[in-house]
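This is the structure I have questions about; it appears just below.
By convention in this document, chain letters (A, B, ...) are assigned in the order of the sequence lines, proteins followed by strands, and residues within each chain are numbered from 1.
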Amino acid sequence: MNILLSGSSQEIAEGATGFDLFKDRSIVAMLVNDKPRDLANVIQPDDSVVGISLESAAGLEILRHSTAHVMAQAVQELFPESKLGIGPYITDGFYFDFDVAEPFVPEDIRRIEKRMKELVGKSQRFRRVEVSEAEAIELMKNEPYKLELIGLKSEDVAEGSIEVSPDGLSVYENINPDGTVAWMDLCRGPHLPNTRQVGKNFALLRSAAAYWRGNENNKQLQRIYGTAWDTKEALDSYTEKLEQAARRDHRKLGTELDLFSFPDEIGSGLAVFHPKGGIIRRVMEDYSRKRHEEAGYEFVYSPHITKSNLFEQSGHLGWYSEGMFPPMKLDSELDEHGAIKKQGADYFLKPMNCPFHILIFKSRSRSYRELPLRMFEFGSVYRYEKSGVLHGLTRVRGMTQDDAHLFVTPDQLQEELTKVLQFVLELLRDFGLNDFYLELSTKEDGNPKFVGSDEIWKSATDTLEAVAMASGLELVPDPGGAAFYGPKISVQARDAIGRTWQMSTIQLDFNLPERFDLEFVGSDGDKHQPIMIHRALFGSIERFFGVLTEHYAGHFPPWLAPLQVVGIPVADEFGDYLEEFCRGLKSEGVRVTVDHSDSRMQKKIRDHTLDRVPFLILAGARDQEAKTLSFRYRDGRQINDVGLQQAKAIILDSINAKVQV
RNA sequence: GCCGACCUGGCGCAAUUGGUAGCGCACCACUCUUGUAAAGUGGGGGUUACGGGUUCGAGUCCCGUGGUCGGCUCCA
């Protein structure tokens with residue numbers, strides 16, 4: 001019979017399987033008519049077949065999923081009472097959920113890993129068995145979670161579910177060499193031909209609880225995460241990547257470099273910035289202010305607390321009260337006759353700045369000539385984030401947003417959004433981030449929670465999309481991801497080690513202008529409602545600070561570095577020579593010091609390198625003689641015999657140009 | 001919020017079966033006066049997160065509170 005093998009026509013025997021087609025052992029599965037299948041599948045006439053090699057993305061997914069099966073088998077052997085949840089592959093690895101009486105402890109994880117290695121050595125075949133629903137129920141009768149999945153199969157099976165497919169049910173059995181069934185699981189496959197091919201390049205990483213089917217009202221199962229690779233080198237490089245990420249963790253660097261801390265006495269999620277962190281933060285803020293001023297923003301200020309009415313009118317108390325700190329209650333005072341002498345009130349810490357800016361807009365009547373009106377504030381807000389979600393500076397309870405609200409007429413919208421997006425990207429680039437993509441969050445059709453007419457959503461979404469497209473950046477749709485009050489664009493930035501962070505957001509709002517009856521007088525003399533744009537570039541200064549710390553691994557570029565230059569005399573007597581040079585830098589605003597301590601020069605180089613100072617300048621007799629000095633950089637580079645004028649220029653130029661050194 | 005683990009000088013870590021807190025770095029002093037990642041000697045510093053309990057005796061065991069970490073859920 002005839003088939004299409006890797007695109008070319010080929011004659012094969014009736015009943016041939018993938019094993020007959022692919023003799024190359026690195027082919028572990030195949031695409032049959034674009035669907036992933038086991039090699040054991042019998043090829044049908046006119047099928048289009050392409051091999052999946054182990055090292056391909058699809059191959060690694062299969063490897064990881066098969067590794068998850070081996071893990072589940074090991075767990076059920078070691079913990080016979082355990083029940084299976086789901087066990088998919090994920091980026092770089094896999095996990096499997098188990099219902100067990102006692103959560104796993106690290107010793108359990110080691111035992112499981114050891115048992116997995118033994119199972120790999122046993123060389124069990126993965127065998128697919130297609131079953132009817134009744135058969136599946138019988139086979140899985142001791143697996144309550146699997147039974148639940150079987151019941152779901154036809155209706156709301158999650159897209160990409162690894163257990164069941166809309167096409168029908170199947171189980172995968174692990175077959176011992178003697179033909180006995182060692183283990184089985186409900187699974188859509190495909191799998192590697194044999195556990196031996198799982199190899200040794202896997203590791204179990206951690207265990208943690210996870211809600212069954214991701215719903216917090218469901219029971220928590222115990223999830224074990226693992227990683228698996230095709231080669232030892234790939235596993236090692238992945239492990240190295242994790243270690244590298246751990247080394248640049250901003251929480252660790254924050255302590256090491258004395259940038260910020262979270263004193264227990266203050267409370268969870270509330271940071272203090274130390275002097276060195278304070279310099280970085282102030283430089284960030286100063287630069288942001290300068291750019292905002294140039295871009296036509298007006299600076300406003302608002303208090304940290306407000307009476308409840310403001311957030312009642314904005315609606316936040318209705319839908320967001322859980323995210324707010326509870327009120328400070330001022331009781332009303334009564335006189336001796338029981339009449340109210342002083343009205344009581346509830347004061348709230350503000351979780352957002354927009355209502356304040358709106359009140360400024362509303363403080364008098366506005367003309368179309370004033371629009372677009374752009375109000376900017378470094379606004380400190382407080383949100384009662386759940387304790388379990390707090391994370392260093394990136395998820396806190398008190399933060400300062402570089403927040404702006406733009407009030408525009410509908411026909412200004414496109415131009416203003418274009419400007420804002422450009423502005424955002426330029427500023428992010430100045431901070432050394434330059435690998436972006438955009439995400440466009442849009443309305444979910446038919447969901448009544450979204451306010452505003454379909455027409456306005458359509459036109460606003462189209463506008464946002466046009467603006468995003470015009471930026472030339474990759475645009476990823478996020479359907480249904482919009483807030484109920486309007487669509488948004490968010491800028492996602494990739495950092496130095498390829499992780500993505502949501503940075504800036506540009507959010508349209510159809511809700512608040514309505515709730516607050518915002519209006520301006522148009523050229524026609526009539527009143528019109530402005531459109532409101534919320535936007536933050538840093539998101540919050542704290543979070544941006546954390547992201548930058550990780551992006552640079554603490555090696556801030558000179559313009560941001562708390563200490564920019566340290567002078568290191570080769571011996572004490574050259575201290576004055578360096579001191580004089582550094583005075584010149586200081587008068588230019590450079591953050592510089594000369595280390596006169598009685599440590600050895602080598603020790604000073606070590607200390608200030610570990611402290612991530614961008615410019616170490618050294619001078620000894622030779623330099624004093626020749627009116628030169630030598631540069632030593634954080635990566636070990638050195639440039640010797642640099643003339644003093646040139647040295648000054650090198651330092652000032654790299655600070656002013658905001659470049660990394 | 002949920003599940004689990006953890007909390008010892010500023011930081012990183014030790015402390016047999018419960019027996020009365022040590023080390024390195026940092027800090028301070030002195031000696032050494034130095035050419036590209038750690039000189040030497042000496043010294044100070046901890047009611048072991050907090051509050052209870054068990055015990056002759058608790059860093060160690062038990063209970064509670066707070067905090068941190070890893071996930072899950074959440075991020076309007």
*Donor + acceptor pair across side chains of A:T400, A:R281 (<3.5 Å)*: yes
_P atoms of B:rC7 and B:rC75, separation to the nearest Å_ = 33 Å
*A:V570 side chain: which of B:rG70, B:rC72, B:rG35 is closest?*
B:rG35
*Using the P atom as the reference point in each nucleotide, state the distance between B:rC50 and B:rG43 in Å, no decimals.*
28 Å
*Calculate the interatomic distance between A:W319 atom CH2 and B:rC74 atom C1'; express it in whole Å.*
17 Å
*How far, in whole Å, is B:rU8 from B:rU48 if one measures between their C1' atoms?*
4 Å
*Side chains of A:T227 and A:F202: does their closest heavy-atom pair fall under 4.5 Å?*
no
_Validation row: A:Q564, A:I651 side chains within 4.5 angstrom (heavy atoms)_ = no
_Candidate nucleotides B:rC3, B:rU34, B:rA76, ranked by approach to the side chain of A:M601 - the nearest_ = B:rU34
*asked:* Would you say A:E542 and A:Q401 are linked by a side-chain donor-acceptor pair, where the criterion is simply a distance under 3.5 Å?
replied: no
*What integer distance in Å separates A:L390:CG from B:rG70:P?*
12 Å
*Which is true for A:R543 with a 4.0 Å heavy-atom rule: it touches a base, it touches only sugar-phosphate, or it touches nothing?*
nothing
*Would you call the rings of A:Y320 and A:H316 parallel, tilted or perpendicular if under 30° counts as parallel and over 60° as perpendicular?*
perpendicular
*Look at all strands and tell whether A:S207 reaches a base, only sugar-phosphate, or nothing, counting heavy atoms closer than 4.0 Å.*
nothing
*asked:* Just to be sure I understand the geometry, which residues of residues 603-614 of chain A put a non-hydrogen atom under 4.0 Å away from RNA chain B?
replied: A:K603, A:I605, A:R606, A:T609, A:L610
*Is there a donor on the side chain of A:Q220 or the base of B:rC2 sitting less than 3.5 Å from an acceptor on the other?*
yes
*asked:* Is there a side-chain contact between A:S387 and the phosphate of B:rG1, meaning an N or O under 4.0 Å from OP1 or OP2?
replied: yes
_P spacing across the pair B:rG40 / B:rG1, given as an integer number of angstrom_ = 50 Å
*Step through the shown structure and confirm whether more than 12 heavy atoms of other residues, nucleotides or ligands are within 6.0 Å of CD on A:E107.*
yes
*asked:* Just to be sure I understand the rule, does A:Q638 reach a base, reach only the sugar-phosphate, or reach nothing, if contact means heavy atoms closer than 4.0 Å?
replied: base
*Can you tell me if the side-chain N/O atoms of A:R223 get under 4.0 Å from OP1 or OP2 in B:rG71?*
no
*Just compare B:rA39, B:rA76, B:rG67 and give me whichever is closest to any side-chain atom of A:Q602.*
B:rA39
*Are A:K307 and A:F348 in a cation-pi setup, meaning NZ or CZ lies under 6.0 angstrom from the ring centre and within 45 degrees of the ring axis?*
no
*Inter-nucleotide C1' distance (B:rC32, B:rC23), Å rounded*: 26 Å
_A:F262 CZ - B:rA49 P separation (whole Å)_ = 22 Å
_Heavy atoms only, 4.0 Å cut-off, all strands: where does A:S268 land among base, sugar-phosphate and nothing?_
sugar-phosphate
_Just to be sure I understand the rule, does A:G214 reach a base, reach only the sugar-phosphate, or reach nothing, if contact means heavy atoms closer than 4.0 Å?_
sugar-phosphate
*Touch check for A:D623, heavy atoms < 4.0 angstrom, all strands: base, sugar-phosphate only, or nothing?*
base
*May I ask you to check whether A:E377 and A:S302 show a side-chain donor-acceptor distance below 3.5 Å?*
yes
*Cut-off 3.5 Å, side chains only: do A:E550 and A:W501 have a donor facing an acceptor?*
no
*Strictly by modelled atom types, are A:D403 and A:H534 linked by a side-chain donor-acceptor pair under 3.5 Å?*
no
*For the base of B:rG35, is there a side-chain donor-acceptor partner from A:N640 under 3.5 Å away?*
no
*Checking only heavy atoms, does the side chain of A:R395 share a donor-acceptor pair with the base of B:rC74 at less than 3.5 Å?*
yes
*Can you tell me which stems involve RNA chain B, if a stem is defined as three or more consecutive Watson-Crick or G-U wobble pairs, both distances under 3.5 Å?*
B:1-7 with B:66-72, B:10-13 with B:22-25, B:27-31 with B:39-43, B:49-53 with B:61-65
*From B:rC72, B:rA76, B:rU68, nucleotide with atom closest to A:A210 side chain*: B:rC72
*A:I109 CD1 - B:rC3 P separation (whole Å)*: 19 Å
*Ignoring hydrogens and angles, are the base of B:rG1 and the side chain of A:Y211 linked by a donor-acceptor pair under 3.5 Å?*
yes
*asked:* Just to be sure I understand the rule, does A:R251 reach a base, reach only the sugar-phosphate, or reach nothing, if contact means heavy atoms closer than 4.0 Å?
replied: sugar-phosphate
*Nucleotide B:rC3, atom C1' - distance to CG of A:D97 in whole Å*: 12 Å
*Could you tell me whether the side chains of A:Y211 and A:R213 share a donor-acceptor contact shorter than 3.5 Å?*
no
_Pair A:D99 + A:K219: basic N to acidic O under 4.0 Å_ = yes
*asked:* Between B:rA38 and A:R600, counting only base atoms on the nucleotide and side-chain atoms on the residue, is there a donor-acceptor pair under 3.5 Å?
replied: no
*Taking atom C1' of B:rU73 as reference, at what distance in whole Å does atom NZ of A:K386 sit?*
5 Å
*Checking only heavy atoms, does the side chain of A:S630 share a donor-acceptor pair with the base of B:rU36 at less than 3.5 Å?*
yes
*Toward the 5' end of RNA chain B, which comes first, A:R634 or A:D249, by nearest nucleotide?*
A:R634
_Taking the six-membered ring of A:Y382 as reference, does the cationic atom of A:R397 (NZ for Lys, CZ for Arg) lie under 6.0 Å from its centre and within 45° of its axis?_
no
*asked:* If I take atom NZ in residue A:K276 and atom C1' in nucleotide B:rA26, what distance separates them, rounded to the nearest angstrom?
replied: 12 Å
*How would you label the contact of A:D258 with the nucleic acid (heavy atoms, under 4.0 Å): base, sugar-phosphate, or nothing?*
nothing
*Quick one: label A:F484 by what it contacts on the DNA or RNA (base, sugar-phosphate, nothing), any heavy atom closer than 4.0 Å.*
sugar-phosphate
*Do A:I650 and A:V642 come close enough that some side-chain heavy atom pair is under 4.5 Å?*
yes
_Nearest heavy atom decides the nucleotide; on that basis, is A:F631 or A:Y485 closer to the 5' end of RNA chain B?_
A:F631
_Does A:G323 reach a base, just sugar-phosphate, or nothing at all? Heavy atoms under 4.0 Å._
nothing
*Would you indicate which nucleotide in B:rC11, B:rC3, B:rU73 comes nearest to any side-chain atom of A:A209?*
B:rC3
*B:rC74 OP1/OP2 closer than 4.0 Å to side-chain N/O of A:Y384*: no
*Indicate, with a heavy-atom threshold strictly under 4.0 Å, whether A:Q222 touches base, sugar-phosphate, or nothing.*
sugar-phosphate
*With a non-hydrogen cut-off below 4.0 angstrom, is A:A619 in contact with a base, only sugar-phosphate, or nothing?*
nothing
*Figure out the CZ/P separation between A:R515 and B:rA76, and round it to whole Å.*
17 Å
